[in-house]
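Worksheet for the structure shown next.
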Amino acid sequence: QVQLVESGGGLVQAGGSLRLSCAASRRTIRSYAMGWFRQAPGKEREFVAAISWSGGSPTYADSVKGRFTIARDNAKNAVYLQMNSLKLEDTATYSCAARPYDSVTSREATYDYWGQGTQVTVSS
């Protein structure tokens, strides 16, 4: 079983940047594709980005493409989400997730393990 803990959230002004981290424990994530999802108040959880276990095939939601970058460091058993040019609509709780396959997907049902999430609030 993989345990995931997110960090790095906070309050930031529109146009600013944040870097989220997802630390894994209990098992290595080398054989897991990793994803980031977010959920805003009153809305369903949505896909943000995903990356294969080798670090290739980064995939992004259209709403964050060009602004967010997903990366992983298997040696540190961690995944990151660099968020630039933040917008008010990026306000949400961000969670990382792991799926035991190499391929990336936006389908959250295919992710087996989830973190508790970290809050990101973008202010005007």
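As the structure is a computational prediction, the values presented were derived from the model and not from experiment.
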### Query
Are any non-hydrogen side-chain atoms of L20 and E6 less than 4.5 angstrom apart?
no
### Query
Just by distance, do the side chain of D102 and the backbone of S52 share a donor-acceptor pair under 3.5 Å?
no
## Note on the structure
Correct closest heavy-atom pair for S85 and S17 would be N-OG, 4.3 Å
### Message
Any donor-acceptor pair under 3.5 Å linking the side-chain atoms of R99 with those of S103?
### Response
yes
### Message
Can you list everything that forms a salt bridge (charged side-chain N to carboxylate O under 4.0 Å, His left out) with R38? Sequence neighbours excluded, please.
### Response
E46, D90
### Query
Ignoring hydrogens and geometry, is there a side-chain-to-backbone donor-acceptor pair from R26 to Q1 under 3.5 Å?
no
### Query
Between F37 and F47, how do the two ring planes meet: parallel, tilted or perpendicular, split at 30° and 60°?
perpendicular
### Query
Are any of the side-chain heavy atoms of T93 and Q119 separated by less than 4.5 Å?
yes
### Task
May I ask you to decide if R19's main-chain N or O and S21's side chain share a donor-acceptor pair within less than 3.5 Å?
no
### Query
Under a 4.5 Å cut-off applied to non-hydrogen side-chain atoms, are V79 and I70 in contact?
yes
### Heavy-atom closest contact (A50 atom, T105 atom, distance)
CB-O, 4.1 Å
#### Entry: Non-hydrogen atoms of Y111 and A33 that approach each other most closely
CE2-O, 4.3 Å
### For A49 against L81, the heavy-atom pair lying closest together
CB-CD1, 4.2 Å
### Message
Please check if the number of heavy atoms outside E89 that lie under 6.0 Å from its CD is greater than 12.
### Response
yes
### Message
Quick check on the 6.0 Å ring-centre criterion: do F68 and W36 meet it?
### Response
no
### Task
Assess whether atom NZ of K43 is packed by more than 12 heavy atoms of other residues, nucleotides or ligands within 6.0 Å.
no
### Task
To the nearest 0.5 Å, tell me how far I29 CD1 sits from W53 CH2.
12.5 Å
### Query
Between the main-chain N or O of T69 and the side-chain N or O of Y80, is there a donor-acceptor pair closer than 3.5 Å?
no
### Task
Work out which heavy atom in A98 is nearest to a heavy atom in Y32; give both atom names and the distance.
CB-CD2, 3.9 Å
### Query
If you take all heavy atoms of C22 and M34, which pair is closest and at what distance?
SG-CE, 4.4 Å
### Task
Show your working on side chain to side chain contact (heavy atoms under 4.5 Å, CB included) between S25 and V5 and close with a plain yes or no.
CA-CA 8 Å; S25 61; V5 179; 5.8 Å; no
### Message
With side chain to side chain contact (heavy atoms under 4.5 Å, CB included) as the criterion, how do T118 and S7 come out once you've worked through the C-alpha distance, each side chain's angles and the decisive distance to 0.1 Å?
### Response
CA-CA 6 Å; T118 184; S7 61; 5.6 Å; no
### Contacts of R45 that satisfy salt bridge (charged side-chain N to carboxylate O under 4.0 Å, His left out) - sequence neighbours left out
E108
### Message
With rounding to the nearest 0.5 angstrom, report the OH to OG distance, Y101 to S31.
### Response
11.5 Å
### Min side-chain heavy-atom separation S106-T59 under 4.5 Å
no
### Query
Would you say the side-chain atoms of N77 pair up with the backbone N or O of R27, donor to acceptor, closer than 3.5 Å?
yes
### Task
May I ask whether L4 and V104 are part of the same hydrophobic cluster, defined by side-chain heavy atoms of I, L, V, M, F, W, Y residues being less than 4.5 angstrom apart, directly or through others?
no
### Message
Quick one: does any side-chain atom of T91 pair with a main-chain N or O of V122 as donor and acceptor, under 3.5 Å?
### Response
yes
### Between CD on residue Q13 and CG on residue L88, distance to nearest 0.5 Å
10.5 Å
